[in-house]
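Here the structure comes first, spelled out in structure tokens, and everything after it is commentary.
Computation of the quantities below employed the complete heavy-atom set of this structure, encompassing side-chain atoms and omitting hydrogens, waters and symmetry-equivalent molecules. Owing to the predicted nature of the structure, the values given are computational and were not obtained by experimental measurement.
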Amino acid sequence: MMKKKTLIMKLPSHLRFLLILASLHVIQSQIIQDSCTTSSIENLNAQILFDVSSLSCSNVWSSEGFILRYSQAGPSLWSFVLSAPNTNSYVAMGFSPNGGMIGSSAVVGWVSGDSSATMRRYYLGGKTPSQVLADQGNLQFPPNTSSIISFSSQMYLAFQLITDSPSRRLVFAVGSRNNQAPTQSSFRLTAHRNQIAVGFNYASGEGSQVSYPYSDLKRIHGILNAVGWGVLLPIGVMIARYLRHVGRLWLYAHSSIQLSGFIIGLAGIITGLILNGRIDINVAKHKAIGIIIITLGCLQVIAILIRPSKDSKVRKYWNWYHHNVGRLLILFAIFNVFYGIYLAHAGSEWNVTYGVFLGIIVTVALSLELRLLTED
């Protein structure tokens with residue numbers, strides 16, 4: 001007995017394959033994505049504890065999929081629903097007095113491994129986990145209006161604030177992927193993997209990314225130190241070791257480059273000290289290494305001023321001192337450049353750029369060293 005074929009079975013095999021792929025894509029987009037045009041928030045009316053029918057919507061952080069819905073619900077009452085992909089990371093939204101993270105009061109939510117959802121408020125007193133304090137800050141919530149919902153691979157942080165006008169300076173952050181949920185005892189958060197500051201217009205729903213306070217000074221500090229200590233000094237050392245065959249020209253080139261590196265690096269350390277006095281951030285180790293670097297640099301300058309003549313008996317000891325202090329200075333400088341990039345959360349492009357330079361330097365140095373060995 002012949003079975004009846006359905007409509008899809010009558011289609012050619014390649015068309016059936018394309019149709020299945022298209023169906024899977026539609027299903028996946030409905031499950032994973034949320035946006036202001038294709039919203040799934042209507043399905044959550046029963047779980048959100050306030051009216052969401054008149055919320056405005058804005059894509060506040062497209063690279064991380066953060067969608068903010070909001071409205072003024074009364075004379076001194078505002079409603080917010082923050083949607084973000086559930087990547088086993090915490091999601092945070094802060095209201096900042098100055099556009100930076102420090103000093104902000106935030107709402108943070110996460111979903112634990114057992115699928116239980118938690119949302120708490122925090123005061124962001126600094127950039128270390130111990131300075132991010134749970135259940136503190138100046139945000140006021142009406143009773144029984146806050147909820148966090150995990151639905152269709154999304155997290156929804158729904159809350160209301162008692163305020164005449166919420167801050168227009170918003171900060172958003174997302175924790176490390178597949179990170180363990182904060183413990184119930186302390187609710188301490190780990191460092192975030194990404195963050196953004198947004199200047200937000202509640203009337204138009206438009207937001208624009210803004211720089212953190214003193215971001216230009218931070219960038220100048222990093223560039224000056226990386227170029228001075230981390231780039232010019234290694235080049236100067238290579239000139240002194242591998243270009244002695246060009247006569248005294250190597251000495252002038254070596255001295256000029258090392259002096260330039262010292263001056264630029266000194267300017268970088270001065271900007272760092274200025275920066276440390278203006279922002280509240282714990283960089284004690286970075287600062288201590290910087291002091292060691294500038295001390296070694298000053299010792300090198302003093303050594304040049306008291307350099308003995310070539311025929312002096314103490315010249316070999318001076319050479320040993322000069323060479324090894326210089327090597328030690330460069331090792332500290334390279335480490336502190338990478339450590340500064342890490343502290344600043346500057347991103348992988350800074351690490352890659354400086355890493356590529358070091359790779360080139362090491363490759364050239366090895367080839368020249370092999371050349372010296374073969375000549376000997």
Taking only residues two or more places apart in sequence, or in another chain, which ones meet Ser186 in a side chain to side chain donor-acceptor pair (under 3.5 Å)?
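Expected list: Thr183.
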
Please list, chain by chain and in numerical order, all residues satisfying side chain to side chain donor-acceptor pair (under 3.5 Å) with Ser116, sequence neighbours excluded.
Asp114

[X]: ring pair (Phe, Tyr, Trp, His ring centres under 6.0 Å) partners, not counting sequence neighbours:
X: Phe338; value: Tyr354
X: Tyr123; value: none
X: Tyr317; value: none

Summary of side-chain hydrogen bond (donor to acceptor under 3.5 Å, both in side chains) pairs that have at least one residue in residues 284-313, sequence neighbours excluded:
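Matches after skipping sequence neighbours: His286-Asn336, Gln300-His322, Ser309-Asp311.
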
Measure from the side-chain N and O atoms of [X] to the backbone N and O of [Y], and report whether any donor-acceptor pair falls under 3.5 Å.
X: Ser104; Y: Ala106; result: no
X: Thr374; Y: Arg371; result: yes
X: Trp229; Y: Ile334; result: no

Hydrophobic cluster of Leu331, others only, ordered by chain and residue number, side-chain cut-off 4.5 Å
none

With side chains defined as the heavy atoms from C-beta onward, is the minimum distance between [X] and [Y] less than 4.5 Å?
X: Arg168; Y: Tyr202; result: yes
X: Tyr122; Y: Arg188; result: no
X: Met155; Y: Val111; result: yes

Applying ring pair (Phe, Tyr, Trp, His ring centres under 6.0 Å) to Phe95 and Phe80, what does each step give before you reach the verdict?
CA-CA 12 Å; Phe95 297 83; Phe80 295 92; 5.5 Å; yes

Please enumerate all residues that pass side-chain contact (heavy atoms from CB on, under 4.5 Å) together with Ser63, with sequence neighbours excluded.
Trp61

For Leu366, check side-chain contact (heavy atoms from CB on, under 4.5 Å) against everything at least two apart and list the hits.
Val362

Compute the centroid of each ring, for Tyr70 and then for Phe200, and state whether the two points are separated by less than 6.0 Å.
yes

Please tabulate, for the side chains in residues 232-245, all donor-acceptor contacts under 3.5 angstrom to protein atoms that are two or more places apart in sequence or on a different chain.
from	atom 1	to	atom 2	distance (Å)
Arg241	NE	Glu369	OE1	2.9
Arg241	NH2	Glu369	OE2	2.7
Tyr242	OH	Ala365	O	3.4
Tyr242	OH	Glu369	OE1	2.6
Arg244	NE	Ala240	O	2.9
His245	ND1	Tyr242	O	3.4

Which atom pair, heavy atoms only, marks the closest approach of Ser54 to Ser71?
O-CB, 3.8 Å

On a heavy-atom basis, which atom in Val337 and which in Ala226 lie closest, and how many Å separate them?
CG2-CA, 3.9 Å

For residues 132-144, please give each side-chain donor-acceptor pair under 3.5 Å, one per line with the distance, not counting sequence neighbours.
from	atom 1	to	atom 2	distance (Å)
Asp135	OD1	Arg120	NE	3.1
Asp135	OD1	Arg120	NH2	3.0
Asp135	OD2	Arg120	NH2	2.9
Asn138	OD1	Ser105	OG	2.9

Qualifying salt bridge (charged side-chain N to carboxylate O under 4.0 Å, His left out) pairs with a residue from residues 48-67, counting only residues at least two apart or across chains:
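Listed once each, the pairs are Glu64-Arg193.
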
